[in-house]
Number of protein chains: 2
Amino acid sequence: MAGGRPREFDVDEALDQAVRVFWQRGYEGAALSDLTEAMGINRPSLYAAFGNKESLFRKALDHYTDQKAVHVRDALDEPTARAAAERMLRGAVEVSTQPGCPAGCLSLQGGLAMGEDAVATRERLADWRRSGEAGLRDRFERAKADGDLPADVDAADLAKFVVLVAQGISVQAADGVDRERLHRMVDIALTSWPA
Amino acid sequence: MAGGRPREFDVDEALDQAVRVFWQRGYEGAALSDLTEAMGINRPSLYAAFGNKESLFRKALDHYTDQKAVHVRDALDEPTARAAAERMLRGAVEVSTQPGCPAGCLSLQGGLAMGEDAVATRERLADWRRSGEAGLRDRFERAKADGDLPADVDAADLAKFVVLVAQGISVQAADGVDRERLHRMVDIALTSWPA
DNA sequence: CAGGTTGTTGACCGTTCGGTACAGAATCGG
DNA sequence: CCGATTCTGTACCGAACGGTCAACAACCTG
């Protein structure tokens with residue numbers, strides 16, 4: 001069938017830059033001119049390849065999930081519930097303080113509160129945050145069945161607490177706290193781990 | 001000297017509404033038309049009374065500090081360090097889930113990441129968050145001197161951890177978690193309290 | 001090389017943004 | 001009652017926003 005002029009930019013590299021801009025400026029704070037400049041492409045190229053701004057953010061968030069927030073998935077493979085929690089939290093520290101990336105995590109920097117026209121994006125981010133918690137809760141349920149966690153602990157509460165701490169870490173990182181101090185926060189959080 | 005036409009609106013009530021709008025929409029997501037509509041005044045009245053948008057946000061944040069975030073100050077008056085921490089966290093839960101107010105707290109809903117032109121406001125919010133931590137740290141230092149806290153605990157780290165949990169609570173509240181569950185999060189966080 | 005297809009480019013669209021100018025209305029001191 | 005002063009309402013400003021049109025360039029198939 002068809003040929004057509006080949007794309008002059010790499011979609012993944014462009015998404016990398018889009019992630020960076022959204023990460024640093026937030027969804028609403030990231031202007032299209034910021035995005036196109038960072039991605040090194042013109043506006044129509046952006047729209048042809050990624051749709052509109054909301055759709056670009058969706059793709060950037062997926063990209064971020066696969067590339068930066070891998071600890072959210074990988075933590076579930078740890079042999080114990082405690083190791084899973086620790087990997088989750090250490091991963092949050094590392095991602096939130098990665099050199100060359102904006103401080104904090106995209107899921108919070110993207111935006112908690114937004115204008116009326118961005119409600120869908122706000123809800124998408126909230127869902128993203130909740131999804132990490134769901135995986136952890138299932139993992140902790142399994143740990144209870146395995147006897148890895150005491151039967152009287154509430155897996156849902158524990159998962160929520162771990163995610164809550166991870167989010168606190170991201171906020172602190174956004175406010176400029178360095179890696180070592182954040183790892184000490186993880187130490188403190190984990191001292192409450194159920195025996 | 002002077003007389004002048006009297007103001008037809010109450011400044012504090014207008015600030016109440018401004019706080020609500022910024023709280024729900026964030027600094028950038030709150031359009032001036034949203035603000036004037038909620039405050040029940042016209043644009044020139046807003047500018048005459050509060051200056052520009054950034055200045056209005058500053059005043060709204062002060063208003064919020066005095067009226068909603070009182071637990072941040074009051075916690076320091078508690079007799080023990082642990083009671084201070086608990087009051088801080090319980091207060092965060094209450095404020096973040098207050099009926100009739102947006103979920104979460106203004107210091108995070110206001111915005112973590114912003115566009116280039118709002119850097120000053122972003123930094124102001126970050127300073128606000130840090131200031132609460134500073135008060136708590138001083139309180140914990142005093143507790144160490146009093147023997148209320150063990151000598152080997154790091155007051156700065158402990159204060160940072162408490163604030164970190166409070167911020168996590170606000171994020172969770174923004175994502176729709178209810179009061180009881182958040183109070184259980186406080187329970188978990190406090191099990192790591194130094195003996 | 002011709003025709004179809006797809007990407008790039010630059011100029012441009014309507015809308016909304018934060019912020020103001022100006023005229024009228026309400027109060028003061030004299 | 002009068003001038004000075006301050007607030008209110010409408011209408012408006014330039015700039016920036018997200019999004020698109022139309023001409024051109026680069027590739028495919030035949």
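Here is how names work: the chains are called A, B, and so on, in the same order as the sequence lines, proteins then strands, and each is numbered from 1.
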Does the Lys NZ or Arg CZ of B/Lys53 fall within the cation-pi geometry relative to B/Tyr27 - under 6.0 Å from the ring centre and within 45° of the axis? yes
Under the rule for ring pair (Phe, Tyr, Trp, His ring centres under 6.0 Å), what residues qualify as partners of B/Phe161, not counting sequence neighbours? none
Sole residue of B/Val171, B/Leu182, B/Ile169 in side-chain contact (heavy atoms from CB on, under 4.5 Å) with B/Val177: B/Leu182
Less than 4.0 angstrom between a side-chain N/O of B/Ser45 and OP1 or OP2 of D/dC7, yes or no? no
Below the 4.0 Å mark, does C/dC17 have OP1 or OP2 next to a side-chain nitrogen or oxygen of B/Ser33? yes
In whole Å, I'd like the distance from the [atom1] atom of [X] to the [atom2] atom of [N].
X	N	atom1	atom2	value
A/Asn42	D/dA25	CG	P	15 Å
B/Ile41	D/dC7	CD1	P	12 Å
B/Leu32	C/dT15	CG	C1'	16 Å
B/Glu54	C/dG19	CD	C1'	14 Å
A/Glu116	C/dT16	CD	C1'	14 Å
A/Met39	C/dT8	CE	P	11 Å
B/Leu46	D/dG9	CG	C1'	14 Å
A/Asn52	C/dG14	CG	P	20 Å

Which part of the nucleic acid, if any, lies within contact of B/Ala118, taking any heavy atom under 4.0 Å across all strands shown: a base, the sugar-phosphate backbone alone, or nothing? nothing
So what does A/Ala31 hit on the nucleic acid, given a heavy-atom distance under 4.0 Å: a base, only sugar-phosphate, or nothing? sugar-phosphate
Are B/Thr36 and B/Arg43 linked by a side-chain donor-acceptor pair shorter than 3.5 Å? no
Residues at least two apart in sequence or cross-chain that pass side-chain contact (heavy atoms from CB on, under 4.5 Å) with A/Leu76, listed by chain then number, are A/Leu136, A/Arg139
Can you name the atoms? Protein N/O to nucleotides 20-26 of chain C N/O, anything below 3.5 Å, with the distance.
residue : atom : partner : partner atom : Å
C/dA25  : N3   : B/Arg5  : NH1          : 3.3

Name of the residue among A/Arg130, A/Arg129, A/Gln167 meeting side-chain hydrogen bond (donor to acceptor under 3.5 Å, both in side chains) with B/Gln172: A/Gln167
Is the distance between the ring centroids of A/Phe57 and A/Trp23 under 6.0 Å? no
